[in-house]
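Structure first, then comments.
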Amino acid sequence: QVQLVESGGGLVQPGGSLRLSCVASRNIYSIGAMGWYRQAPGKQRELVATITSGDNTNYADSAKGRFTISRDNAKNTVYLQMNSLKPEDTAVYYCNADVKLNGWLPFRGYWGQGTPVTVSS
């Protein structure tokens, strides 16, 4: 079973920055698209940003200009650099990855356990 392990969340003041990391742990044949989603209390999980294996990126309007998604394929890792954080960015941030475990299985989506981000003074 693939495990996605997120790190980097925490408490930050408005205007501050955080860098989230998510590493896929175990031998993996191939990783397709990777992404970050978030879920605020009482709200549905929403897309923050995605990145394809070819480094094409897509951002939610709320993230454009402030957040940057990137990946290191050699490390099976995806990052989310978050700048100019606002209180409304407070949420649990989840990593998602489309993973192929071997050459004959299709890609399957996996989720991490989430890392909390709190933006507050």
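Bear in mind the structure is a predicted one, so any value in this text is a computation, not a measurement. For the numbers below, each heavy atom of this structure counts, side chains included, while hydrogens, waters and symmetry mates do not.
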Minimum heavy-atom separation for Gln39 to Lys43, with atom names?
NE2-O, 3.1 Å
Under a 4.5 Å cut-off applied to non-hydrogen side-chain atoms, are Lys75 and Val23 in contact?
no
To the nearest 0.5 Å, what is the distance between CG (Leu80) and OH (Tyr93)?
7.5 Å
Is there a side-chain contact between Phe67 and Leu18 in this structure, where contact means two heavy atoms from C-beta onward sitting under 4.5 Å apart?
no
Where is the tightest heavy-atom contact between Tyr59 and Ile69, given as atom of each residue plus distance?
OH-N, 2.9 Å
CG (Asn76) and SG (Cys22) are apart, to the nearest 0.5 Å, by 10.0 Å
Using the side chain to side chain donor-acceptor pair (under 3.5 Å) criterion, which residues pair with Glu46? Sequence neighbours excluded.
Arg38
Donor-acceptor pairs under 3.5 angstrom involving side-chain atoms of residues 106-121: please list them, not counting sequence neighbours.
from	atom 1	to	atom 2	distance (Å)
Gln113	NE2	Glu6	OE1	3.3
Thr115	OG1	Gly9	N	3.3

Using the side chain to side chain contact (heavy atoms under 4.5 Å, CB included) rule, take Ile31 and Asn73 through it: C-alpha gap first, then chi angles, then the decisive distance, then the call.
CA-CA 8 Å; Ile31 301 179; Asn73 293 325; 5.9 Å; no
CG-CD1 distance between Asn56 and Ile51, expressed to the nearest 0.5 angstrom:
8.0 Å
Are any of the side-chain nitrogens in Asp89 or Lys86 under 4.0 Å away from the carboxylate oxygens of its partner?
no
Are Tyr37 and Thr50 side-chain neighbours, meaning at least one heavy-atom pair lies under 4.5 Å?
yes
Ignoring hydrogens and angles, tell me if any N or O in the side chain of Tyr29 forms a donor-acceptor pair with the backbone of Trp104 under 3.5 Å.
no
In the single-linkage hydrophobic clustering (I, L, V, M, F, W, Y; side-chain heavy atoms under 4.5 Å), do Trp36 and Leu47 co-cluster?
no
Linking I/L/V/M/F/W/Y whenever their side-chain heavy atoms sit closer than 4.5 Å, directly or via other members, would Ile28 and Val78 fall into one cluster?
yes
Sorted by chain and number, sequence neighbours left out, side chain to side chain donor-acceptor pair (under 3.5 Å) with Asn83 holds for Ser17, Gln81
For Gln44, does the CD atom sit with more than 12 other heavy atoms under 6.0 Å from it, leaving out its own atoms?
no
Treating Arg45 as the side-chain partner and Val92 as the backbone partner, does any N or O pair qualify as donor plus acceptor under 3.5 Å?
no
Do Asp72 and Tyr79 come close enough that some side-chain heavy atom pair is under 4.5 Å?
yes
Separation between NZ of Lys64 and CG of Asn58, rounded to the nearest 0.5 Å
7.0 Å
Say whether Val5 and Val2 are linked into one hydrophobic cluster, either directly or through other cluster members, by side-chain heavy-atom distances under 4.5 angstrom.
no
